[in-house]
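Only one structure is covered here, and it is reproduced in the block below.
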Amino acid sequence: MSDAAENPADIPPFRYTAELANDIEARWQDHWEENQTFRAPNPTGPLAEPDHPRSGAPKLYVMDMFPYPSGEGLHVGHPLGYIATDSYTRYQRMAGFNVLHPMGFDAFGLPAEQYAVQTGTHPRTTTARNVERYRGQLRRLGLAYDNRRSFATTDVEFYRWTQWIFLQVFNSWYDRDAGRARPVEELIRQFEDGTRATPDGRPWPQLSDVERRQVVDDHRLAYISEAPVNWCPGLGTVLANEEVTPEGRSERGNFPVFKRNLKQWMMRITAYADRLLADLDGLDWPEKVKLMQRNWIGRSVGAHIDFPTRVGPIRVFTTRPDTIFGATYMVLAPESELVDELAPSAWPESTKDKWTGGHATPREAVDAYRKFAAGRTDMERQAETREKTGVFIGAYATNPATGTGIPVFIADYVLAGYGTGAIMAVPGQDERDWEFAEVFDLPIIRTVAPPAGFDGKAYTGEGPAVNSSAPDGGLSLDGLDVATAKARTIAWLEREGLGAGAVTYRLRDWLFSRQRYWGEPFPIVYDETGLPVALPDDMLPVELPEIDDFSPKTFDPDDADTEPETPLSRHTDWVDVELDLGDGPKTYRRETNVMPQWAGSSWYELRYLDPTNDKVMVDPENERYWMGPQVDGDSGGVDLYVGGVEHAVLHLLYARFWHKVLYDLGHLSSFEPFRRLFNQGYIQAYAYADSRGVYVNAEEVVERAGRFFHRDTEVDREYGKMGKSLRNVVTPDEMCAAYGADTFRVYEMSTGPLDVSRPWETRAVVGAYRFLQRVWRLVVDEATGATRVIDSTVDDETQRVLHRVIDGVNTDLTNLRFNTAIAKLIELTNRATAISSAGAGTPRAVVEPLVLMLAPFAPHAAEELWRRLGHAESLAYGPFPQADPAWLVTETVTYPVQLNGKVRARIEVPADATDDAVRAAALDAVAAQLGGHAPRKVIVVPGRMVSVVA
RNA sequence: GCCCCUGUAGACCAACGGCAGAGUCGAUGGACUCAAAAUCCAUUCAGUGUGGGUUCGAAUCCCACCGGGGGCACCA
């Protein structure tokens, strides 16, 4: 580069250089912006445009997972998916679709807040700056977004609707009979007219106002509950599971994290577990992602069984009701409230020494064990050794099948959040129970006969039931197979009123509040009863108040017995508010938690459809057009959603959940947000560390004989993420400056299939650069700048190459195979270059289709060349070249002839030769090798090859 | 431990069960140049991770193993 700059005269003046590319790109980016080239017309509303060339055309809605605008800006890995969707949508727009391809920003979140805490800069300032930086970087890449539809989740006009959706969720309940969400007014009406019984059976009018509200609140899809959360006193906030390290400390600051029961907002996503599971089947998603969601939802079928105790029954969930005769003890989760009622003040006679943990009373033992369990992280609980721990609580329950008393333990291998937080332990058929039984010397009864020769411990397989008959003959399972025994047991439980068949899920309700500042405020206030009251829609948005201390109150990092104090709660002039919510002006207290970062991304696909609508979230007609079901049974949704697999579960599950709620309430015609999902791979990079483990600037490392050196020291190469701390970041800005955006785009699309991760290699970018230079040279004379295009006829072979490429590029682009499409364009370019340099110029009939096909990948250069070819209009609306079938057939075909699996000859025959003719020609060709013997078998694969078996 | 994905020239990647190569980088040689860079032209290189099987024919389908990546992991 620098040498070139010293001798600019050596470079032909009209060559496609980085300088020229940058000039062209800036001009076309301005042109597209001024002409709003990529605006997509809506059917109705302010963005409707009946005169638009694509108005009323078949629609295509393509979305990227929008970015969090970090302070670092984009590196070359980030835009891979954006360039891919841009290339795809540019192609489909040219091919005739009305394309919606928007981009926004997921701008609430912790980093901006942390930065604010450190510097005092308001998160809004940082966020706005970062969003602008991202917009600039994306614009520089020539991404064809409809900019009228861009927003950040932090925009008040956006989060107003996030709050509106929260209210929709809050004001709904899940009607299990109807299998859908309904407005709570309908629930209240059912209570009022007596068609639905109140929880305690009293008639509705006898309940006090507060009691009625509590009953209704217990049904809402958004509700307040005491939930075990990750409380981090050092940071003063609760943390999401993914913000906690495997060592049980906070990812930021490395403070201890404790499990605490705290009052939090929850979303009743579990009500939708079945539908979230079932509707996966109809989605065009990677199987891997579907499987991850299925595992996450974790449906298990079994039964609830009540085990009587002196203070009432312990209800367990089991998938193996057939093994009930082998239940020799019970285990409750340490946190279980039942424990407090059950544990007596002294150890019973029968208590074994090893059951007590050395404590004098059950209460002491329980307290000590709870403390122990709370201090253990999930990781420790699951550690390799997995030595079972627990303690007897001094109480007994009765096995309802056998009538025997069985001891009750608490142990942390039973999880409070799953099932009922209690199990019947069947060591004979459960490995975990077997281990526990060994540690605590508990009886083990096999109730499924293992096969002969089985020498393991617990047996979890198929087999006939044994030891499974009640003395009084109430239930007898002996000899039955597992499935029959399960059914028989469930029928018996239901008949006896001891339990019932049941389905449970691993999925938990969604913890929806955060003790932070930079998030959406809840549209909720509390009245004098302490119960939540929804603000009416016309009081939205509830704006984040202006404050200057963004940090939650922090505590001694080791003090688990502290309470979160949110940033908003200190601002009493905002928190305490006088409102008239129907019964005159009263003082209310605002909710001071904010929503989690997932909130905005759980519905943003809907707002792109109608971003300026201030009456409704999205006009139903616009939603139906862009996202509605296309055929009977179709879920509807975005036609293509591209993003990383890291969002396989949480984001995609939350978005599906909200979408279904809004569908149930009649706001949407689609019942899934994303019909098709595609996970792009990652661009990764090498990083180099010296012997001290310190990273060196990757740009300065050279390779010599397979080893790597930074100056004179040898360094170790690692492969992984691109990141500031690894000193291996390459930015799109650098690439644009050195080669232009088109080169960068072509390079990223050509290095491999979209779903494959691959290494970044700066030195290989020049390949894409040379390709564009060659295309440029086909049209523009490098020395004079004159157009080199001629209107001559094209030879047949070139015609065949051209139409084969057109055909292949259409197929490849339709199937997101950008790398092979570009390879074909290079092939065509090479052919065109050959005939161009042999003749007086480049035939227009070849170069025009080439330029059009190049446009999805290198749109600026393509537009520029298109103009130089004499077209006044942008090529953004095509038409895209279509192959002429006449040129796709060849006159002759060359068949390889295999003899016993090896290619021994080639024959050339007319393309329309009959199989018999081909066979004859093939046998003729290998006659010498056959030596006069008749072949045993001859296989002719039309158009492909001939296989002869001697 | 269980499940999923994936192994093709020095690197990245192509190849409806049918001649292993479309394309890119690198390397080597040549053209241009006083020389270099840039550019252009040409050449090189693997028998498809390993071992079996199915088939006329396997990179492709099946089985086992090895390497790489990812998910789940006391979920009763």
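Proteins get letters first, then strands, A, B, ... in listed order; numbering begins at 1 in each.
Of all nucleotides listed (C25(B), A22(B), U39(B)), U39(B) comes nearest to the side chain of Gln773(A). In this structure, the nucleotide among C13(B), C16(B), A76(B) sitting nearest to the side chain of Pro753(A) is C13(B). The listed nucleotides are G18(B), A76(B), C74(B); the one nearest the side chain of Tyr413(A) is C74(B). Taking only side-chain atoms of Thr318(A), from C-beta outward, the nucleotide of C12(B), C16(B), A76(B) with the closest atom is A76(B). Taking only side-chain atoms of Arg15(A), from C-beta outward, the nucleotide of A76(B), U39(B), C25(B) with the closest atom is U39(B). Between U39(B), C16(B), C12(B), one nucleotide has an atom nearer to the side chain of Pro759(A) than all others, and that is C12(B). Distances were taken from every side-chain heavy atom of Leu415(A) (C-beta onward) to each of C4(B), A76(B), C56(B); the shortest belongs to A76(B).
Pairing partner, A27(B): U43(B), with both Watson-Crick or wobble hydrogen-bond distances short of 3.5 Å. Pair check for C72(B) finds G1(B); Watson-Crick or G-U wobble, both atom distances under 3.5 Å. The nucleotide C65(B) finds its pairing partner in G49(B), both defining distances of the Watson-Crick or G-U wobble pair being shorter than 3.5 Å. The base-pairing partner of A9(B), taking Watson-Crick or G-U wobble contacts with both distances under 3.5 Å, does not exist among the strands shown. When Watson-Crick and G-U wobble pairs are counted only if both distances are under 3.5 Å, U54(B) pairs with no nucleotide at all. For C34(B), there is no paired nucleotide, since no Watson-Crick or G-U wobble pair has both relevant distances below 3.5 Å.
Using a 4.0 Å heavy-atom criterion, one finds that Ala823(A) contacts the bases of the nucleic acid, with or without backbone contacts as well. Heavy atoms of Gln898(A) sit under 4.0 angstrom from at least one base atom. Nucleic acid contact class of Arg774(A) (heavy atoms, under 4.0 Å, all strands): sugar-phosphate only. Residue-level contact check: Arg804(A) touches neither bases nor backbone, having no heavy atom under 4.0 Å from any strand. Ser757(A) comes within 4.0 angstrom of sugar-phosphate atoms only, judged by non-hydrogen atoms across all strands, and of no base. Within the nucleic acid shown, Val766(A) comes within 4.0 Å of sugar-phosphate atoms alone, with no base atom in reach, counting heavy atoms only. Counting non-hydrogen atoms under 4.0 angstrom, Val649(A) reaches nothing in the nucleic acid. Counting any heavy atom pair closer than 4.0 Å across all strands shown, Ser300(A) reaches sugar-phosphate atoms only and no base atom. Residue Ile939(A) is classed as a base contact, given a heavy-atom separation below 4.0 Å to a base. Counting any heavy atom pair closer than 4.0 Å across all strands shown, Glu287(A) reaches no nucleic acid atom.
Checked by atom type, the side-chain pair Tyr505(A)/Asp274(A) shows a donor-acceptor distance below 3.5 Å. Using modelled atom types and a 3.5 Å distance limit, the side chains of Thr447(A) and Gln429(A) yield a donor-acceptor pair. Side-chain atoms of Asp322(A) and Thr489(A) form no donor-acceptor pair, as typed in the model, at a separation below 3.5 Å.
Distances shorter than 4.0 Å separate none of the side-chain N or O atoms of Asn295(A) from OP1 or OP2 on G71(B). The shortest distance between the side-chain N/O atoms of Lys824(A) and the OP1/OP2 oxygens of A22(B) is not below 4.0 Å. Of the side-chain N and O atoms in Arg506(A), one or more sit less than 4.0 angstrom from OP1 or OP2 of A73(B). For the pair Arg770(A) and C25(B), the criterion of a side-chain N or O lying under 4.0 Å from OP1 or OP2 is met.
A donor-acceptor contact under 3.5 angstrom links the side-chain atoms of Ser947(A) to the base of C56(B).
Here the separation of G67(B) from U48(B), taken at their C1' atoms, is 15 Å to the nearest Å. Between C32(B) and A38(B), the two C1' atoms lie 11 Å apart (nearest whole Å). Nucleotides U44(B) and C63(B) have their P atoms positioned 39 Å apart, rounded to a whole Å. Going from the C1' atom of G51(B) to that of A9(B) covers 23 Å, rounded to whole Å.
Each of Ile423(A) and Met945(A) was matched to the nucleotide of RNA chain B holding its nearest heavy atom; the match closer to the 5' end belongs to Met945(A). Mapping Val948(A) and Met424(A) onto RNA chain B via the closest heavy atom, the residue that lands nearer the 5' end is Val948(A).
The side-chain heavy atoms of Phe325(A) and Asn399(A), taken from C-beta on, include no pair separated by under 4.5 Å. Contact check for Ser336(A) versus Ile410(A): no side-chain heavy atoms found under the 4.5 Å cut-off.
In G57(B) the O4'-C1'-N dihedral to the base is more than 90° from 0, which defines an anti nucleotide.
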Evaluation steps, salt bridge (Lys or Arg N to Asp or Glu O under 4.0 Å), between Asp281(A) and Arg294(A): CA-CA 10 Å; Asp281(A) 295 338; Arg294(A) 287 190 189 106; 3.1 Å; yes

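Ring-centre distance between Tyr747(A) and Phe744(A): not below the 6.0 Å cut-off.
Protein atom CG of Leu80(A) is 14 Å distant from nucleotide atom C1' of C13(B), rounded to whole Å.
Of the options Phe436(A), Trp434(A), Phe440(A), a ring pair (Phe, Tyr, Trp, His ring centres under 6.0 Å) to Tyr329(A) is made by Phe436(A) and by none of the others.
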